Amino acid sequence: MRKELEKTYDPSQIEDRLYANWCEKGYFTPQVKNGGKPYTIVIPPPNVTGQLHMGHALDETLQDILIRYKRMQGYNTLWLPGTDHAGIATQIKVEEHLRKTEGLSRYDLGREAFLEIVWNWKGQYGSRIINQLKKLGSSCDWSRERFTMDEGCSKAVKETFCSLYEKGLIYRGYRIINWCPNCLTALSDAEVSYEEQKGAFWHINYPVKGEEGRYLQVATTRPETMLGDTAVAVHPEDERYADLVGKMLVLPLVGREIPVVADEYVEKDFGTGCVKITPAHDPNDFMVGERHNLEQIKVMTDDATIVEGYGRYSGMDRYTARKAIVEDLKEQGYLVKVEDYAHNVGVCYRCGTTVEPMTSDQWFVKMEPLAKKAIEVVEKGEIRFEPERFSKIYLHWMNNIRDWCISRQLWWGHRIPAFYCDDCGKMEVSRESSVNCPCCGKEMRQESDVLDTWFSSALWPFSTLGWPEKTEELGYYYPTSTLVTGYDIIPFWVSRMIVMGMEMMNERPFETVFIHGLVRDAQGRKMSKSLGNGIDPLEIIDKYGADALRFALATGNSPGNDMRFSDEKIEAARNFNNKIWNAARFVLMNLELEEIALPATEDLEIEDKWILSRLNTVTKEVCENLDHYELGIAPAKLYDFVWSEFCDWYIELLKPRFADKGSKSNLVAQNTIGYVLIGIMKLLHPYMPFITEEIFASLPTLKGEDAESIMISSYPAYTESLSFPEDEERMEKLIDLIRAIRNRRAEMNVPPSKKAQLYVVSERGDVYNEKTAKFFEKLASASAVTYCSEVEDRSAVQIVAGGATAFIPMGDLVDLEKEKARLAGEVKKVQGEIARLEGKLSNQGFLAKAPAAVVEGEKAKLAKYKETLSQLEDAIAKM
RNA sequence: GGAGGCAUAGCUCAGCCGGUUAGAGUGCUUGCUUGACAUGCAAGAGGUCACUGGUUCGAUUCCAGUUGUCUCCACCA
């Protein structure tokens, strides 16, 4: 039944096969009826037409680690995947494609035909990202895969919208919003990012009406908006302009008369202390305008060109108009000066176009009442952020929340379920798909706008489990356990899921929010298309395997911190895979058993107890790390354990026993190493699912466990009876001495092939005895080992370590004087340590206040150093 | 303007609740075809844990400040 492992490790030969098998066996598909403790993760839905990038890979890896760990611990684990329709992103992509291939715009096709094309596009490319996720080994339940625009999610969206509207939490209003002149849609505040741009600060004189020669000087970074000015504001306490408040100014170029108003918003000391007010094109001006009942004059169309009625400026693009207006102002003598000025400009987070603030009719969610519960649930600790500091970012965002503009002038998305009667002007919000006017009975026209993509994403934790139906799954798996995501979408997604969960389900959507950082390139730059520095995870998988990618992404970075991805890291991970593979091959070459059973304690040799005890300790630590979301520490520990202890020492120590076929010691060794290797595979499985499964399948089974797959076997747990601290200590002494001997030999340039006699003087028969003598022969190039209480001839290399003194007679190679000097150096070092410890231990404060265990620890260290010192002194004295 | 992160070996980074002889990977030096692995083995060099104070018996670790650096939020026209 058992397969042999190929001589070389080739992930491409095993990964797809194992994944297909797991899917076929249904391991990813949990059943409610199986009961047990549920553990649920909902995948952050990637854009349906997107492609896998490193950010996804990290996200998926971390989630799969958690889910595989919990699954092996016996939880009823559901990891529910799906994709997001990604309104703007997808629509832009399809429109671009249409323009390039057929020269058509969406308006040429009309809404219905265009949407059909987008759906086809989704059908064609929607599975791409899903298949890419599978390459990573993600153990998602694909049978429950969802899409934010599928029937169920659409129903949830409609229900939520109507319910919030009925509660007065959704309203339609004419407000100032962020407008993207390229995407031709409104954006929420979260969808605007700011970048610093070099601009200018134009100072313009606005003449005071009826006072010839008197001007008010305003300064602006956006002169084109002056066309829409309806006032100039000054600070109420600014004496300079006090007499002008209430007077009228004549707007240059336009000729409109506008008032001077007093408003606290103005800062006296900035610029000239006079601010031109354009309520229709600036959010702050909009608020000033509301306070003073100013007219809102919109001067730009949706594509940011100047509207009709402004002479030669009309029809000009906003930047062309800016130039023209500045020219004219200069010509007509209104322009006072121009300064260079760097300022932040809002841009569309999708296309990068400079956003134009504009007044517009849009739909909003009233956030303040909703935020209340969402703040409470985090403050009370019912939802925990991991690392904790991200709760601050969240709370800051929620405490300063503004109403959420949810309407988008797009076609791809959830159409807002509001209906208008063109005859009587009535508006209805309804769950029905067609509505007749309650007054005139005429069929009403549905709102053409769609909802912000994040509206449906906000419902994801429960809409995917069947809500608004009261499904069994919803009852069992909700609230979900952990949400894993990058810190960059806390405002977009995390906060809104909490809001909606609390409002619609009256229950938190998840218990823990596990936040990770960004994956950057080797130089620490953000990976981006424009820089071309993105590393394609699929190429990495092809070259190194998914296990290597996962291990590289997960290892050694602390939660929430950005990480750099480099060739070195992935190569280190690949090499580790290779190491594991070869270690397993070695073990298999020496295993004749059909079943592994843990040997009785009394049959175990020192090295067996040592490795079992170490495995036990590592198991405990790894579980603790995983339980505390320290996903970067656990694999580093396993790496060290596997490589530096299991491979470098245990395997080497067993070689003589494996050579001794048929002996009892050999049998014990087979069972022990089998047991340890299975344990290692299980511990590593969440990180490296493929290689561990392949090796697990090749190994004999563990007695009492007949798991057909490692992924449904039980995760190791700390076992008291497998803790052997004394044997660990003994083994470590042996290792110390062997290392010290190797060190000496290397320093003296003695080739490993040259074997030498070895005398070991020690009182510790439990460490240095016949059984351990073979270690020295094998690992310290000893030709023969003699344990004794004293040696006659001390003209040898003397090595003090591990509680013993080793002598290697090297004849001519030994320069006694040099040896003495070297040992004297060591004496000095040890004396230093002793002095430090004695100082510490004579400190009354330390003795009185330090915990007893620490004091004991220091005393033990001192004793050890003192023993070493006396051995060193003895060695020198007898030379 | 507000908030937060980071600063430890040449490089990239770990170091959880204060007590370690301060670690790893990689790079570097030296020696090895050691019957699993050269994607390897063995040995070694390399750190004033940014700076200044404070708390403490004890600080790389906790606190405050300084400097450098990155990010997020706000958006003074």
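These numbers come from the heavy atoms of this one structure, side chains and all, not from hydrogens, waters or symmetry mates. Predicted model only: the values in this text are computed from it and were never measured. Within every chain, numbering begins at 1; the chains are lettered A, B, ... in the order of the sequence lines, protein sequences first and strands thereafter.
Of all nucleotides listed (B:C16, B:C72, B:G4), B:C72 comes nearest to the side chain of A:K526. The side chain of A:W643 has B:C41 as its nearest neighbour among B:U21, B:C37, B:C41. The side chain of A:K655 sits closest to B:A36 out of B:A43, B:U20, B:A36. Taking every side-chain heavy atom of A:R574 into account, B:U39 is the closest of B:U21, B:U39, B:A74. Comparing atom distances between the A:D640 side chain and each of B:A36, B:A14, B:A24 picks out B:A24 as nearest. For A:K840, the listed nucleotide lying nearest its side chain is B:G19; candidates were B:C37, B:G19, B:G15. The side chain of A:Y341 has B:A77 as its nearest neighbour among B:A43, B:A77, B:U21. Out of B:U21, B:A36, B:A77, the shortest distance to the side chain of A:K861 is found at B:U21. Checking B:C41, B:G5, B:A74 against every side-chain atom of A:W397, the shortest atom distance belongs to B:A74. Closest to the side chain of A:V854, out of B:A77, B:G19, B:G44, is B:G19.
For the OP1/OP2 pair of B:A14 and a distance below 4.0 Å, the side-chain nitrogens and oxygens of A:N557 include no atom meeting the criterion. A sub-4.0 Å separation between OP1 or OP2 of B:A14 and a side-chain N or O of A:S558 is present. One finds a side-chain N or O of A:N561 lying less than 4.0 angstrom from the OP1 or OP2 phosphate oxygen of B:A14. One finds a side-chain N or O of A:N575 lying less than 4.0 angstrom from the OP1 or OP2 phosphate oxygen of B:G40.
A:A572 comes within contact range of the sugar-phosphate backbone alone, with a heavy-atom separation under 4.0 Å but no base atom that close.
For residues 735-744 of chain A, the side chain to side chain donor-acceptor pair (under 3.5 Å) pairs, not counting sequence neighbours, are A:R744-A:E747, A:R744-A:E819. Among residue pairs with one or both ends in residues 187-205 of chain A, those qualifying as salt bridge (Lys or Arg N to Asp or Glu O under 4.0 Å) are A:D189-A:R402, A:E191-A:R408; sequence neighbours excluded.
Nucleotide B:C17 is shown with a syn base, its glycosidic torsion being within 90° of 0.
Atom NZ of A:K637 sits in a crowded spot, with more than 12 heavy atoms from other residues, nucleotides or ligands closer than 6.0 Å.
Residues forming a ring-ring contact (aromatic ring centres under 6.0 Å, His included) with A:F658 (at least two apart in sequence, or on another chain): A:F586. Residues meeting the ring-ring contact (aromatic ring centres under 6.0 Å, His included) test with A:Y394, sequence neighbours left out: A:F385. For A:K866, the side-chain hydrogen bond (donor to acceptor under 3.5 Å, both in side chains) partners at least two apart in sequence or on another chain are A:E838.
For A:K840 and A:E858, the salt-bridge test passes: some basic side-chain N is under 4.0 Å from an acidic carboxylate O.
Taking atom C1' in both B:C62 and B:C17, one finds a spacing of 11 Å when rounded to whole Å.
When base pairs are accepted only as Watson-Crick or G-U wobble with both N-N or N-O distances under 3.5 Å, RNA chain B takes part in stems of 3 or more pairs at B:1-7 with B:67-73, B:10-13 with B:23-26, B:28-32 with B:40-44, B:50-54 with B:62-66.
A residue-by-residue look at A:D269 and A:S566 shows that A:S566 has its nearest nucleotide of RNA chain B further toward the 5' end.
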